[in-house]
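Have a look at the structure below before the remarks.
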Amino acid sequence: MPKELNAQLRSEGFDEVCSVYSEEEALLEASRCIQCKDPACISGCPVGIDIKKFISQIVDKDYKGAYFTIREKNNFPAMCGRVCPAEYQCRKVCVFTKKGSPFASDKAINIHFLERFVADFGIDNGLDISAEKDKKLKAYKVAVVGSGPAGLCCAGELARKGIKVVLFEALHKSGGVLRYGIPPFRLPQEILDFEIGNLKKLGVEIECNIIIGKTKSLNELFDEGFKAVFLGLGAGVPSFLGIPGENLCNIYSANEFLTRVNLMGAYKFPQYHTPINVGKHVVVIGGGNTAMDAARVALRLQKLHNIPADVTVFYRRTENEMPARRLEILHAKEEGIKFEFLVQPVEFKGDNENSFVSKIRSLRCELGEPDDSGRRRPVAIKGSEFEVDCDEAIIAVGLKANQVLIQVTPELKIDKWSDIIVDPITMQTSIKSVYAGGDVVGGEGTVIEAMGMAKKASAAIEEYLLKQ
Ligand code: FAD
């Protein structure tokens with residue numbers, strides 16, 4: 001593990017928690033890789049980084065070479081090195097993880113930390129790539145809608161080929177969840193700005209404050225001369241519990257809460273006065289990365305506002321089933337977040353005067369048969385009701401596809417979850433020159449999975465343009 005800020009100290013602010021490996025640490029970690037003949041880690045990476053090669057370049061102290069090996073497949077190594085859930089991806093299939101394990105063993109090579117080491121070396125040494133402009137492709141213009149990892153990745157891949165790319169973003173800043181969801185103590189905004197800056201250097205034009213489907217339609221994009229469109233709309237519509245009292249004041253969706261803090265600057269209090277409630281007894285409901293981020297942010301806000309720390313996560317299964325990154329769960333515990341496992345909220349109660357939430361009533365659960373996701377279903381235990389004080393609740397129980405564009409484009413076929421239906425090889429939608437990828441296609445996923453889909457789409461768009 002690279003060095004980390006002390007738990008007490010870091011939970012008092014929003015500084016980055018994990019440091020980068022020192023050269024010595026990186027060399028030691030890289031030297032543990034046995035350079036497998038048939039390395040599974042590469043296929044475990046949704047964008048197919050040549051992990052074996054970049055690790056051997058680290059061993060040879062060829063950090064520049066390692067940087068360019070990663071950039072061949074990934075334009076955003078500094079972001080991915082910080083947020084990739086490697087324990088479910090490349091590290092899970094590392095030879096040092098026992099086959100069939102639900103997540104990577106501690107012995108698996110820390111590929112993500114090595115990626116970050118190389119990426120930060122690249123930043124410190126001003127390394128960058130230039131576009132290999134294809135003469136024919138230079139004539140075309142492609143629109144990318146949404147600037148999350150899917151949109152950014154697709155834009156980067158196309159720009160590298162010399163295609164003129166304009167990226168449209170509804171919010172006032174680009175980055176999608178990387179900007180408004182993931183807090184700066186996990187992904188500093190400067191890192192995001194730096195890697196988005198590299199994209200601009202490749203020629204990508206970014207237009208914020210434009211909602212495709214409202215400010216302008218998909219058809220208007222074609223009228224403006226765009227030959228193809230990629231939709232990386234993401235999944236930002238929160239799911240709720242559907243229980244009594246859920247509309248009481250001081251109950252937030254995690255997305256709204258995190259957006260106010262990260263994008264709207266509430267974490268910079270007192271410099272910024274973005275309205276945000278800071279409860280004395282905060283309960284976060286959910287077990288994914290969003291829940292961990294919301295809980296850790298809520299704790300930091302309490303400390304910033306001199307309120308004694310009291311944040312509890314309610315999750316209806318056990319820790320083993322939690323989808324959050326293992327490191328985030330560990331960090332949350334170290335920082336003093338409490339966990340109540342096998343708990344299902346059934347009602348929010350309000351103070352009768354002002355309609356503010358004051359208590360949460362819940363049932364204890366036990367695990368039953370596996371559900372469609374393969375995880376054992378929580379079953380409520382009769383008569384196990386209990387109540388706790390709660391003057392702020394943050395609900396992080398899932399997200400659905402952003403609908404603005406979908407609703408005004410009936411030709412765009414969607415499935416029963418309202419995700420866009422695509423050809424799994426080309427990512428082409430039901431509209432010929434429109435492609436899609438990321439969370440708007442597969443539902444809530446990961447940064448690198450969104451990028452994997454975007455890469456498939458960009459390859460198909462290139463092929464489509466070359467046939468014009
Ligand atoms: P998004 O990142 O959601 O971006 C979509 C963008 O499209 C948004 O900026 C939106 O404003 C814009 N948009 C939508 N509609 C329109 C329109 N009509 N016109 C213009 N713009 C539009 N994954 C990890 O791998 N590691 C993590 O640690 C991790 N932590 C997470 C923490 C949180 C709080 C959340 C919510 C998710 C986390 N994830 C994590 C998941 C990951 O962030 C997502 O899978 C990923 O961001 C999806 O990328 P995307 O490009 O599809 O969508």
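Quick note: numbers below take in every heavy atom, side chains included, and nothing from hydrogens, waters or symmetry partners.
- A distance of 5.0 Å separates CD1 in I196 from CE in M79, rounded to the nearest 0.5 Å.
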Would you give me the side-chain donor-acceptor pairs under 3.5 Å for residues 207-215, sequence neighbours excluded?
{"unit_1": "T215", "atom_1": "OG1", "unit_2": "I211", "atom_2": "N", "d": "2.7"}
{"unit_1": "T215", "atom_1": "OG1", "unit_2": "I211", "atom_2": "O", "d": "3.1"}

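- Cation-pi geometry between K141 and F226 is met: under 6.0 angstrom from the ring centre, within 45 degrees of the axis.
- For the pair L304 and V278, the minimum side-chain heavy-atom distance is 4.5 Å or more.
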Q. Taking it one step at a time, do F257 and L301 satisfy side chain to side chain contact (heavy atoms under 4.5 Å, CB included)?
A. CA-CA 11 Å; F257 177 77; L301 287 184; 3.9 Å; yes

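- The only option from E16, E25, E24 that meets the salt bridge (Lys or Arg N to Asp or Glu O under 4.0 Å) definition with K3 turns out to be E25.
- The shortest side-chain heavy-atom distance between R91 and F103 does not fall under the 4.5 Å cut-off.
- With T429 contributing its side chain and V434 its backbone, the two residues share a donor-acceptor pair below 3.5 Å.
- Taking all atoms of both residues into account, the shortest heavy-atom contact from P77 to E115 is CA-OE2, 3.7 Å.
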Q: Determine, stepwise, if the pair E195 / R82 fulfils salt bridge (charged side-chain N to carboxylate O under 4.0 Å, His left out).
A: CA-CA 13 Å; E195 291 200 320; R82 285 166 167 83; over 6 Å; no

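- Residues E319 and K333 are paired through a salt bridge, judged by an N-O separation under 4.0 Å between the basic side chain and the carboxylate.
- K64 contributes atom NZ, which lies 12.0 Å from atom CD of Q57 (distance to the nearest 0.5 angstrom).
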Q: Decide yes or no on salt bridge (charged side-chain N to carboxylate O under 4.0 Å, His left out) for R179 and D193, but give the supporting numbers first.
A: CA-CA 9 Å; R179 176 84 63 189; D193 289 338; 2.8 Å; yes

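- A distance of 9.5 Å separates CG in N289 from OG1 in T446, rounded to the nearest 0.5 Å.
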**Q.** CA sep, side-chain torsions, deciding dist, call: N75, I129, side chain to side chain contact (heavy atoms under 4.5 Å, CB included)
**A.** CA-CA 9 Å; N75 278 323; I129 53 155; 3.7 Å; yes

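- A donor-acceptor contact shorter than 3.5 Å links the side chain of S11 to the backbone of Q8.
- At least one donor-acceptor pair closer than 3.5 Å links the side chain of N255 to the backbone N or O of G236.
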Q.
What verdict does the side chain to side chain contact (heavy atoms under 4.5 Å, CB included) test give for L152 and L167, after you've listed the backbone C-alpha separation in whole Å, the side-chain angles of each residue and the deciding distance to 0.1 Å?
A. CA-CA 8 Å; L152 291 174; L167 202 160; 4.1 Å; yes

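- A donor-acceptor pair is defined here as one N or O able to donate and one able to accept, closer than 3.5 Å; such a pair exists between the side chain of E169 and the backbone of S147.
- Ionic pairing of R260 and E256 is present here: one or more N-O contacts between side-chain nitrogen and carboxylate oxygen are shorter than 4.0 angstrom.
- Considering all non-hydrogen atoms of both residues, A401 and S418 come closest at CB-O, 3.6 Å.
- Proximity of a side-chain donor or acceptor of N74 to a complementary backbone N or O of I70 within less than 3.5 Å is not detected.
- Without hydrogens or angle criteria, D439 side chain to G234 main chain gives no donor-acceptor distance under 3.5 Å.
- Taking each heavy atom of D419 and G442 in turn, the nearest pair found is OD2-C, 3.9 Å.
- Put simply, the side chain of K201 reaches to within 4.5 Å of the side chain of N198, judged on heavy atoms.
- The shortest side-chain heavy-atom distance between S458 and F230 does not fall under the 4.5 Å cut-off.
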Q. Going through the distances and angles, do Y21 and F117 end up as a ring pair (Phe, Tyr, Trp, His ring centres under 6.0 Å)?
A. CA-CA 6 Å; Y21 270 148; F117 168 76; 7.3 Å; no

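- Side chain of D62 to backbone of G65: a donor-acceptor contact under 3.5 angstrom is found.
- N402 places a side-chain N or O within 3.5 Å of a backbone atom of L233 that can act as its donor or acceptor partner.
- In terms of heavy atoms, G279 sits closest to V282 at O-CG2, 3.8 Å.
- For F240, the CZ atom counts as densely surrounded, since its 6.0 Å shell holds more than 12 non-hydrogen atoms of other residues, nucleotides or ligands.
- Side-chain contact between F339 and M322 is present, with at least one heavy-atom pair separated by less than 4.5 Å.
- Within the structure, salt bridge (charged side-chain N to carboxylate O under 4.0 Å, His left out) pairs that include any residue of residues 40-51 do not occur (at least two apart or interchain).
- A cation-pi contact links R300 to F185, judged by a cut-off of 6.0 Å to the six-membered ring centre and 45° from its axis.
- Side-chain contact between P184 and Y267 is present, with at least one heavy-atom pair separated by less than 4.5 Å.
- The minimum heavy-atom distance between A396 and A254, with the atom names listed, is CB-CB, 3.7 Å.
- Among the candidates T259, I395, I276, the single residue satisfying the side chain to side chain contact (heavy atoms under 4.5 Å, CB included) test with Y252 is I276.
- For the residue pair T318/E321, the side-chain donor-acceptor check at 3.5 Å is satisfied.
- Counting only distance, with no hydrogens or angles, the side chain of N262 and the backbone of G181 share a donor-acceptor pair below 3.5 Å.
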Q | Chi angles and distances behind the salt bridge (charged side-chain N to carboxylate O under 4.0 Å, His left out) call for D106, R326 | A | CA-CA 11 Å; D106 289 344; R326 297 291 108 186; over 6 Å; no

Q. For C33 and K52, what are the C-alpha separation, side-chain angles and deciding distance, and is it a side chain to side chain contact (heavy atoms under 4.5 Å, CB included)?
A. CA-CA 8 Å; C33 174; K52 174 176 168 174; 5.7 Å; no

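- Residue pairs meeting the ring-ring contact (aromatic ring centres under 6.0 Å, His included) criterion with at least one member in residues 296-334, sequence neighbours excluded, are F269-H305.
- Atom CD of E205 is separated from atom NZ of K164 by 4.5 Å, given to the nearest 0.5 angstrom.
- Residue-environment remark: NZ (K338) exceeds the threshold of 12 foreign heavy atoms within 6.0 Å.
- With hydrogens and angles left out, the side-chain atoms of N6 and R10 include no donor and acceptor closer than 3.5 Å.
- With a 4.5 Å cut-off on side-chain heavy atoms, E328 and R296 count as touching.
- The backbone N or O of L241 lies less than 3.5 Å from a partner atom in the side chain of E246, making a donor-acceptor pair.
- Between the CG atom of D293 and the CZ atom of R186 there is a distance of 4.0 Å, given to the nearest 0.5 Å.
- Side-chain contact between I51 and I109 is absent, with no heavy atoms from C-beta onward closer than 4.5 Å.
- Here the CD atom belonging to E23 is positioned 5.5 Å from the NZ atom belonging to K61, to the nearest 0.5 angstrom.
- Heavy-atom minimum distance, C154 versus I461: SG-CD1, 4.2 Å.
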